[in-house]
Amino acid sequence: MDKLNNPNVGACIDTMNSMNVLEGPEVCINKMAPYANCVHLCDLKLKVDPDGLHSIGSPIGQGDIDETKVLRTLREKSNVTRLTFEVESEIGDDTMEEARKKEMKACTDSIDYLRNTLNVGLKKR
């Protein structure tokens, strides 16, 4: 990013991708925050079984990523003013209707956590 030195080029921080490559979001965010122009905020639970390591999407605040630390680092080290959040969940044997209800609950739980715990989206007065 330093070599490009172009204000139109920046980084997109994705908290889930950093977990999937076992770098961890803290390392990634500390490196990328100064260059970030967007954030893709996700949470996940890591599960180890005989088949290996798996990441399972979860509502924000209910997974293994320390979202409080993520937001603190972003607020301190980046100029990002917006973030996108994504909720992934396992469908398994659920019907489409059950899966949609679970997804909607995961979204509302995530929004509640973002607003009420991390103070995201609240304007200062």
Side-chain angles (χ1 to χ4, degrees):
M1 298 303 291
D2 288 331
K3 288 180 183 179
L4 286 173
N5 193 25
N6 185 322
N8 296 318
V9 178
C12 177
I13 294 175
D14 187 315
T15 55
M16 188 178 280
N17 286 350
S18 61
M19 289 289 279
N20 289 332
V21 296
L22 302 179
E23 179 181 46
E26 292 173 32
V27 172
C28 173
I29 290 165
N30 276 310
K31 287 181 194 174
M32 303 296 286
Y35 308 105
N37 58 13
C38 61
V39 176
H40 186 198
L41 192 68
C42 308
D43 208 345
L44 57 81
K45 294 178 184 178
L46 293 175
K47 176 182 169 187
V48 179
D49 64 24
D51 293 325
L53 178 69
H54 309 278
S55 61
I56 301 166
S58 68
I60 294 173
Q62 296 180 27
D64 292 325
I65 296 175
D66 186 341
E67 302 291 356
T68 301
K69 192 177 279 186
V70 167
L71 265 287
R72 184 181 321 116
T73 302
L74 288 171
R75 287 174 172 145
E76 290 171 0
K77 295 186 175 186
S78 79
N79 293 319
V80 172
T81 58
R82 295 179 186 209
L83 60 88
T84 302
F85 81 90
E86 177 182 352
V87 176
E88 295 181 6
S89 58
E90 286 187 299
I91 294 176
D93 295 327
D94 293 340
T95 65
M96 191 59 74
E97 184 177 332
E98 291 168 329
R100 285 185 179 133
K101 285 180 183 177
K102 283 183 180 178
E103 288 264 318
M104 184 56 72
K105 178 160 179 14
C107 285
T108 56
D109 287 352
S110 295
I111 291 167
D112 180 67
Y113 182 82
L114 287 164
R115 282 186 179 156
N116 298 315
T117 302
L118 299 180
N119 298 316
V120 171
L122 301 177
K123 295 186 187 251
K124 294 179 183 179
R125 295 180 185 232

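Keep in mind that this is a model prediction, so the values were computed, not measured.
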Please check this pair: side chain of [X] against backbone of [Y], looking for a donor-acceptor N/O pair closer than 3.5 Å.
{"X": "Thr15", "Y": "Cys42", "result": "yes"}
{"X": "Asp49", "Y": "Gly52", "result": "yes"}
{"X": "Asp64", "Y": "Leu46", "result": "yes"}

Review point. Would Leu114 and Leu41 satisfy side-chain contact (heavy atoms from CB on, under 4.5 Å), going step by step from the backbone distance to the final call?
Key: CA-CA 10 Å; Leu114 287 164; Leu41 192 68; 3.6 Å; yes
Check your understanding: Is the shortest heavy-atom distance from the side chain of Ile65 to the side chain of Ile60 under 4.5 Å?
Key ->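 Contact flag for Ile65/Ile60 side chains = no.
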Practice item. Show your working on side-chain contact (heavy atoms from CB on, under 4.5 Å) between Arg72 and Lys69 and close with a plain yes or no. Key: CA-CA 5 Å; Arg72 184 181 321 116; Lys69 192 177 279 186; 4.0 Å; yes
Exercise for review: Hydrophobic side-chain clustering at under 4.5 Å (ILVMFWY, transitive links): who's grouped with Met104? Put none if nobody.
Suggested key: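 The other cluster members (ILVMFWY side chains, heavy atoms under 4.5 Å, direct or chained): none.
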Practice item. Would you mind listing the cluster partners of Met96? Hydrophobic ones only (ILVMFWY), side-chain contacts under 4.5 Å, chaining allowed. Key: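 Members alongside Met96: none; it stands by itself.
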Any idea which heavy atoms bring [X] and [Y] closest together, and the distance?
{"X": "Ser78", "Y": "Ala36", "value": "CB-CB, 4.5 Å"}
{"X": "Ser55", "Y": "Leu44", "value": "CB-CD2, 3.9 Å"}
{"X": "Ser110", "Y": "Phe85", "value": "CB-CE1, 3.8 Å"}
{"X": "Arg75", "Y": "Asn119", "value": "NH2-O, 3.4 Å"}
{"X": "Gly10", "Y": "Met1", "value": "CA-CE, 3.4 Å"}
{"X": "Ala11", "Y": "Met32", "value": "CB-CE, 3.2 Å"}

Check your understanding: Checking side-chain contact (heavy atoms from CB on, under 4.5 Å) for the pair Glu26/Thr73: CA distance, chi angles, key distance, verdict?
Key -> CA-CA 8 Å; Glu26 292 173 32; Thr73 302; over 6 Å; no
Point to revise | For Lys101, salt bridge (charged side-chain N to carboxylate O under 4.0 Å, His left out) partners two or more places apart | key: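 Partners of Lys101 under the salt bridge (charged side-chain N to carboxylate O under 4.0 Å, His left out) test: Glu97.
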Supply the atom-to-atom distance [X] [atom1] to [Y] [atom2], rounded to the nearest 0.5 angstrom.
{"X": "Lys77", "Y": "Asn30", "atom1": "NZ", "atom2": "CG", "value": "3.5 Å"}
{"X": "Lys31", "Y": "Ile13", "atom1": "NZ", "atom2": "CD1", "value": "12.0 Å"}
{"X": "Lys105", "Y": "Asp112", "atom1": "NZ", "atom2": "CG", "value": "9.0 Å"}

Review point. Quick one: which of Leu83, Asn79, Val39 gives a side-chain contact (heavy atoms from CB on, under 4.5 Å) with Leu74?
Key: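 Only one of Leu83, Asn79, Val39 forms a side-chain contact (heavy atoms from CB on, under 4.5 Å) with Leu74, namely Val39.
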**Study point:** Neighbour count >12 (heavy atoms, 6.0 Å) for atom CG, Asp93
**Key:**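 Counting other residues, nucleotides and ligands, CG of Asp93 stays at 12 neighbours or fewer.
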Check your understanding: Counting heavy atoms not belonging to Arg100, are there more than 12 under 6.0 Å from its CZ?
Key ->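 No, the 6.0 Å shell around CZ holds no more than 12 heavy atoms from other groups.
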Practice item. Dump the intermediate steps for side-chain contact (heavy atoms from CB on, under 4.5 Å) on Val9 and Tyr35, then the final yes or no. Key: CA-CA 8 Å; Val9 178; Tyr35 308 105; over 6 Å; no
